[in-house]
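Read the numbers this way: they start at 1 and go in the same order the structure lists the ligands and their atoms.
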Amino acid sequence: MPLWLFLTVCPGVGSCSVDFRLNKEQEAIQKAAAEFARGEFDKEIALEHERTHTFPEKIWKKAGELGFMGIHFPEEYGGQAYGIFENALVVEAFCRQDSGLGISISLADFSSEIILRFGNEAQKEKYLIPVTGGKAISSGGFTEPDHGSDITLMNTSATREADEYVINGVKTFITNGTISDFVVVLCQTDPEAKPTYRGQSVIIVDRDTPGFSRADVGEKMGIKMTSTGELSFNDVRVPAANLVGEENRGFYQVLEFFDESRIEIAAQALGIAQGAFDRALAYTKERAQFGKKLAQFQVTQHKLADMLTKIETARLIIYKAAWNYDQGNVDPMLTSMAKMYGGRVAVEVADEAIQLFGGYGYMLEYEVERFYRDAKIMEIYEGTREIQKNTIASALLGKL
Ligand SMILES: Cc1cc2nc3c(=O)[nH]c(=O)nc-3n(C[C@H](O)[C@H](O)[C@H](O)COP(=O)(O)OP(=O)(O)OC[C@H]3O[C@@H](n4cnc5c(N)ncnc54)[C@H](O)[C@@H]3O)c2cc1C
């Protein structure tokens with residue numbers, strides 16, 4: 001059918017099929033998040049949390065009170081019933097204002113989405129309402145010392161005994177590990193399962209459960225305001241009612257969660273890239289050398305043009321992944337592209353921002369070095385860059 005005939009037969013199709021603008025509500029959310037971050041993300045407070053490696057509890061609580069935590073959760077669990085797209089706008093705005101504060105606050109509800117998607121009513125009421133209200137912090141324990149990229153087999157076991165599970169094992173690199181109120185843990189519930197991932201389950205463990213202990217993993221390169229913990233489970237007994245969803249479906253639940261959480265990480269990366277760019281742009285318009293502003297050198301102009309082009313490209317793919325998710329078209333290939341590309345752009349743009357600042361860029365005070373250090377984790381957690389490429393390739397090629 002020729003295009004003119006198609007448009008006559010299907011009026012309106014041509015005029016509304018693609019729209020890259022935010023709607024009024026989304027613009028308002030973006031503006032409110034940016035205003036909150038500008039008002040609350042004080043630079044000196046950020047530097048203090050960076051130096052002391054402490055979670056910004058006061059700001060997180062305020063964010064919860066104002067409805068920014070779990071904006072994508074249904075209203076009955078304290079959310080605002082928006083989508084992953086709107087959550088990405090908030091996360092981007094927070095990280096643009098301050099990479100460290102933005103990341104740590106946006107990760108305070110990390111993994112609670114698994115309970116939202118797969119948990120029962122009692123679990124949702126007990127765990128989600130405090131999380132969205134900024135009263136409880138969650139964490140997700142998948143990685144183990146011997147299993148990082150490959151979580152198809154877990155050494156952490158959960159054995160059913162009457163109406164309890166007994167959990168033994170160690171999880172490492174767990175965000176919020178030492179400060180969270182509860183953790184959702186991926187355990188091997190059926191050690192005989194073949195393939196092994198068909199014998200895994202997600203189980204909730206509360207912070208004060210006997211036999212559960214946690215310790216900080218030690219000094220790290222960036223995201224110093226987030227706690228990163230090693231969790232030890234030594235005959236930890238939890239009620240069988242703490243099982244999330246179906247037994248032995250945990251691996252699949254976690255993969256589905258990654259489809260969502262990787263978009264949030266990509267939004268963190270986008271905010272970091274934009275924040276580093278904003279600072280570099282302002283600096284090059286101020287700083288003069290050889291009798292000219294840095295921004296007057298063509299090499300600087302080209303750098304800025306390249307940085308912004310990368311950011312805009314990342315924004316397109318990340319927004320598309322988020323929009324797609326909210327339409328119910330979960331697409332692991334697109335999500336992995338968004339996370340992989342967003343992460344790379346964050347690292348490259350923050351790197352170039354330091355270069356444009358020269359020696360000052362190397363100093364903590366000028367912030368871009370912190371954006372750079374915070375950017376690198378975007379290519380590691382929630383699946384490394386290589387694992388995203390594997391996902392893209394396997395969606396592309398299937399089993400060869
Ligand atoms: C600060 C921080 C916070 C974290 N937060 C959490 C958290 O909250 N919860 C959680 O469960 N985990 C968390 N992690 C763990 C993180 O998800 C893992 O570090 C990551 O998945 C990689 O696992 P690994 O470190 O064991 O590296 P490995 O899996 O050992 O990988 C090492 C290298 O080999 C590459 N590689 C591995 N397999 C393949 C393959 N098949 N093909 C090609 N290359 C491959 C990797 O890409 C990487 O470059 C966090 C990590 C850090 C550092």
Peer 1: With hydrophobic residues grouped by side-chain heavy-atom distances under 4.5 Å, do Trp60 and Ile45 end up in a single group?
Peer 2: yes
Peer 1: Yes or no, since that's all I need: does a protein heavy atom fall within a distance strictly under 4.0 Å of atom 2 (C) of ligand 1?
Peer 2: yes
Peer 1: When you measure from atom 30 (O) of ligand 1 to the protein, is at least one non-hydrogen atom found at a distance under 4.0 Å?
Peer 2: no
Peer 1: Does Thr189 form a side-chain hydrogen bond (donor to acceptor under 3.5 Å, both in side chains) with Asn248? I'd like the steps, not just the answer.
Peer 2: CA-CA 7 Å; Thr189 28; Asn248 297 328; 2.8 Å; yes
Peer 1: Are any side-chain N or O atoms of Gln188 and backbone N or O atoms of Thr196, one a donor and one an acceptor, separated by less than 3.5 Å?
Peer 2: yes
Peer 1: Return yes when atom OH of Tyr372 has more than 12 non-hydrogen atoms of other residues, nucleotides or ligands closer than 6.0 Å, and no otherwise.
Peer 2: no
Peer 1: Nearest protein heavy-atom contact for atom 26 (O) of ligand 1: which residue, which atom, what distance?
Peer 2: Gly148 CA, 3.1 Å
Peer 1: Side chain or backbone of Ile377 under 4.0 Å from ligand 1, or both, or neither, by non-hydrogen atoms?
Peer 2: side chain
Peer 1: Please classify the Thr143 to ligand 1 contact at 4.0 Å (heavy-atom distances, strictly less than): side chain, backbone, both or neither.
Peer 2: both
Peer 1: With a cut-off of under 6.0 Å to the ring centre and 45° to the axis, is Arg287 in cation-pi contact with Tyr283?
Peer 2: no
Peer 1: Are more than 12 heavy atoms from other residues, nucleotides or ligands located less than 6.0 Å from atom CZ of Phe297?
Peer 2: yes
Peer 1: Using distance alone, determine whether Tyr381 and ligand 1 share an N or O pair under 3.5 Å.
Peer 2: no
Peer 1: Could you check Arg21 against Gln26 for side-chain hydrogen bond (donor to acceptor under 3.5 Å, both in side chains), going step by step and ending with a plain yes or no?
Peer 2: CA-CA 9 Å; Arg21 289 168 302 181; Gln26 290 162 343; over 6 Å; no
Peer 1: When you compare ligand 1 with Thr172, is there at least one nitrogen or oxygen pair between them that comes in under 3.5 angstrom?
Peer 2: no
Peer 1: Kindly say whether Ala241 contributes a backbone atom to a donor-acceptor pair with the side chain of Gln123 at under 3.5 angstrom?
Peer 2: yes
Peer 1: Using side-chain contact (heavy atoms from CB on, under 4.5 Å) as the criterion, point out the one residue from Arg315, Glu352, Glu348 that pairs with Lys310.
Peer 2: Glu348
Peer 1: Distance under 4.0 Å to a non-hydrogen atom of Ile223: what atoms of ligand 1 satisfy this?
Peer 2: 1 (C)
Peer 1: Give the atom numbers and elements of ligand 1 that come within less than 4.0 Å of a heavy atom of Phe110.
Peer 2: 8 (O)
Peer 1: Which residue and atom name correspond to the protein heavy atom nearest atom 39 (C) of ligand 1, and how close is it?
Peer 2: Ile387 CD1, 3.9 Å
Peer 1: Does atom CD (Glu121) have a neighbourhood of more than 12 heavy atoms from anything else shown, all under 6.0 Å?
Peer 2: yes
Peer 1: Just need the protein heavy atom nearest to atom 28 (P) of ligand 1, so name the residue and atom and give the distance.
Peer 2: Ser149 OG, 3.7 Å
Peer 1: Test your reading of the structure: does Gly383 have an N or O sitting under 3.5 Å from an N or O of ligand 1?
Peer 2: no
Peer 1: Is atom 46 (C) of ligand 1 close to the protein, meaning a heavy atom under 4.0 Å from it?
Peer 2: yes
Peer 1: Taking atom CD as the centre, does Gln355 end up with more than 12 heavy-atom neighbours from other residues, nucleotides or ligands that are less than 6.0 angstrom away?
Peer 2: no
Peer 1: Evaluate Gly140 for polar contact with ligand 1, using N/O atom pairs at a separation under 3.5 Å.
Peer 2: yes
Peer 1: Return the residue, atom name and 0.1 Å-rounded distance of the protein heavy atom closest to atom 49 (O) of ligand 1.
Peer 2: Glu386 OE1, 3.4 Å
Peer 1: Answer with side chain, backbone, both or neither: which part of Asp150 has a heavy atom less than 4.0 angstrom from an atom of ligand 1?
Peer 2: neither
Peer 1: Considering only heavy atoms, does Asn390 approach ligand 1 within less than 4.0 Å through its side chain, its backbone, both, or neither?
Peer 2: side chain
Peer 1: Counting only nitrogen or oxygen atoms and a 3.5 angstrom limit, does Phe173 reach ligand 1?
Peer 2: yes
Peer 1: Establish whether atom 34 (O) of ligand 1 and some protein heavy atom are separated by less than 4.0 angstrom.
Peer 2: no
Peer 1: Under 4.5 Å between side-chain heavy atoms, hopping through other hydrophobics if needed: is there a path connecting Phe142 to Leu243?
Peer 2: no
Peer 1: In terms of heavy-atom contacts, does NZ of Lys285 have more than 12 from other residues, nucleotides or ligands at under 6.0 Å?
Peer 2: no
Peer 1: With a cut-off of 4.0 Å, which atoms of ligand 1 are near a heavy atom of Glu382?
Peer 2: 17 (O)
Peer 1: Keeping the roles fixed (side chain from His49, backbone from Thr54), state whether a donor-acceptor pair exists under 3.5 Å.
Peer 2: yes
Peer 1: Would you say Thr384 has any N or O atom under 3.5 Å from an N or O of ligand 1, going by distance alone?
Peer 2: yes
Peer 1: Going by the atom numbers of ligand 1, which of them fall below 4.0 Å from some non-hydrogen atom of Ile174?
Peer 2: 7 (C), 8 (O), 9 (N), 10 (C), 11 (O)
Peer 1: Which heavy atom of the protein is the closest neighbour of atom 20 (C) of ligand 1, given with residue, atom name and distance?
Peer 2: Ile380 O, 3.7 Å
Peer 1: Would you check whether Thr175 has a nitrogen or oxygen atom less than 3.5 angstrom from a nitrogen or oxygen atom of ligand 1?
Peer 2: yes
